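Note that the structure is a prediction, hence the values are computed from the model and not measured. Just the heavy atoms: all of them, side chains too, but no hydrogens, waters or symmetry mates, feed the values below.
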Amino acid sequence: MTVAHAGHAAGGFPVTALIPVALFWAYLAAALRLRDPAGPGWPHARTASFGLGALLLTAGLLWPAGDFVGHMWQHLLIGMLAPLALVLGAPVTLLLRTLDRRTGRRLVHLLRHPVARVLGHPVTGLLLTAGGLWLLYLTPLYRASLDSPVLHTLVNLHFLLSGCLFAWSIAGPDPGPHRPRVPVRLVVIGVGVAAHATIAQLLYAGLFVDVPATAAELRAGATLMYYLGDLAEIALALALLATWRPERSPRRRRSTHPRRPRRLERHGCHDAHQTPTAFHRGSREPGRDGAGVRA
């Protein structure tokens, strides 16, 4: 049995598809404000990345979700591919460079808040993305979203925001709370790959899932999630490694003073520049006492 999504009315145009276009125009206007003939301005690669993300997001919102395969395309475009491209566009950095100093400081202070530290942790993003998938397909939530346009829109919004949060916490170039080390973030990506692969296998076998679709649709949708989801995770890992700068241990400063001779230490001399002759100042030097003067 095939059930169409309530979020796509027959012959209708989703108004939400205009939101990515408006976001890109706002991004482009801010980037043009930073154009300076004497300086580098805003990187074109960042603009191209954000534009690609807006294009993928628009494609996901316009994608016909008449069956489970179409729904899976929507999930991959809205929740995995578009967020990575949007995050690599560094929109927060662009916003900070266009805001006045006072407002920018408030935004930075907000990003340093303890709540932002918890939300910006990769484990939080993983729980929201992978956990949202398990909740959607293993509970009646997916079935309910088929009959409710509002719920369907909220599900897409959740995957978009959680996908952006996860990509930002892993490889985001924007400023944010202190992120864990790169090996920890790579482990989180590995756990995410395993979580996506597991739910894809359950969908393929039709076990423990509550999805009103035919067996062929389940297998086709699960195959998309299994392979294209892995490609999205690999792209995220490559983005992380591309921006990774290994931490170098600080070198020990070499002392400018020569090492104290051991022979002098045994005699109680604590000044490395003190000579034996200067140490025995109380003794008479040869040739200066009366006995040493020749007639």
Side-chain angles (χ1 to χ4, degrees), residues 4-34 42-66 69-99 103 107 110-111 116 119-120 125 128-129 132-133 136 141-142 144-174 176 228-229 232 235-236 239:
H5 267 281
H8 284 271
F13 180 84
V15 182
T16 53
L18 298 177
I19 298 178
V21 180
L23 289 177
F24 177 67
W25 279 113
Y27 182 99
L28 189 60
L32 292 176
R33 287 181 57 186
L34 299 178
W42 185 251
H44 297 294
R46 299 292 187 195
T47 305
S49 178
F50 194 87
L52 176 61
L55 179 62
L56 292 173
L57 181 57
T58 304
L61 293 174
L62 292 177
W63 196 276
V69 179
H71 159 80
M72 191 55 64
W73 274 110
Q74 272 197 331
H75 162 67
L76 291 171
L77 291 170
I78 297 175
M80 301 189 73
L81 298 176
L84 177 58
L86 291 173
V87 166
L88 293 181
V92 178
T93 302
L94 178 61
L95 182 62
L96 288 173
R97 293 183 60 178
T98 54
L99 292 175
T103 308
L107 181 57
L110 182 63
L111 292 174
L119 291 177
L128 291 174
T129 53
L133 283 177
L136 180 64
L141 181 60
Y142 175 78
S145 68
L146 298 176
D147 302 323
S148 173
V150 176
L151 184 57
H152 173 73
T153 303
L154 291 177
V155 169
N156 285 338
L157 181 62
H158 165 79
F159 283 121
L160 173 63
L161 296 180
S162 61
C164 289
L165 182 64
F166 184 60
W168 174 67
S169 64
I170 293 293
D174 284 324
L228 292 185
L236 180 60

### Task
Evaluate the side-chain contact (heavy atoms from CB on, under 4.5 Å) criterion for residues His71 and Leu136: first the C-alpha distance (whole Å), next the side-chain angles of each, then the deciding distance (0.1 Å), finally the verdict.
CA-CA 12 Å; His71 159 80; Leu136 180 64; 4.1 Å; yes
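Between the side chain of Thr98 and the backbone N or O of Leu95 there is at least one donor-acceptor pair closer than 3.5 Å.
The shortest non-hydrogen separation linking Gly53 to Ala82 is O-CB, 3.6 Å. Here the closest heavy-atom approach between residue Pro149 and residue Asp147 is recorded as CD-O, 3.8 Å. Minimum heavy-atom separation, His75 to Leu133: CE1-CD2, 3.4 Å. Taking every heavy atom of both residues into account, Leu86 and Pro91 meet most closely at O-CD, 3.5 Å. Looking at every heavy atom in both residues, Ala17 comes nearest to Pro20 through O-CD, 3.3 Å. In terms of heavy-atom proximity, Ala232 sits nearest to Leu84 at O-CD2, 4.4 Å.
Taking 4.5 Å as the limit, every side-chain heavy atom of Trp63 sits out of range of all side-chain heavy atoms of Ile78. Annotation: side chain of Pro173 is in contact with side chain of Val87 (closest heavy-atom distance under 4.5 Å). Counting heavy atoms from C-beta outward, Leu94 and Arg46 have side chains that stay 4.5 Å or more apart.
For residues 21-33, the set of pairs meeting the side-chain hydrogen bond (donor to acceptor under 3.5 Å, both in side chains) definition, not counting sequence neighbours, comprises Tyr27-Trp42. The side-chain hydrogen bond (donor to acceptor under 3.5 Å, both in side chains) pairs that include a residue from residues 81-93 are Thr93-Asp174, where partners are two or more places apart or lie in different chains.
Between Thr129 atom OG1 and Met80 atom CE the span is 7.5 Å, to the nearest 0.5 Å. Of the inter-residue distances, the one linking Thr16 atom OG1 with Asn156 atom CG reads 8.0 Å to the nearest 0.5 angstrom. Taking CG from Leu157 and NE2 from His152, the interatomic distance works out to 11.5 Å, rounded to the nearest 0.5 Å. In this structure, Leu141 CG and Leu146 CG are separated by 10.0 Å, a value rounded to the nearest 0.5 Å. Atoms CG and CG, on Leu81 and Leu228 in that order, are 7.5 Å from each other to the nearest 0.5 Å. Here the CG-OG1 distance, from Leu62 to Thr58, works out to 6.5 Å after rounding to the nearest 0.5 Å.
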Just list the side-chain donor-acceptor pairs under 3.5 Å for residues 160-171, sequence neighbours left out, or say none.
residue, atom, partner, partner atom, Å
Ser162, OG, His158, O, 2.7
Ser162, OG, Phe159, O, 3.3
Ser169, OG, Leu165, O, 3.2
Ser169, OG, Phe166, O, 2.8

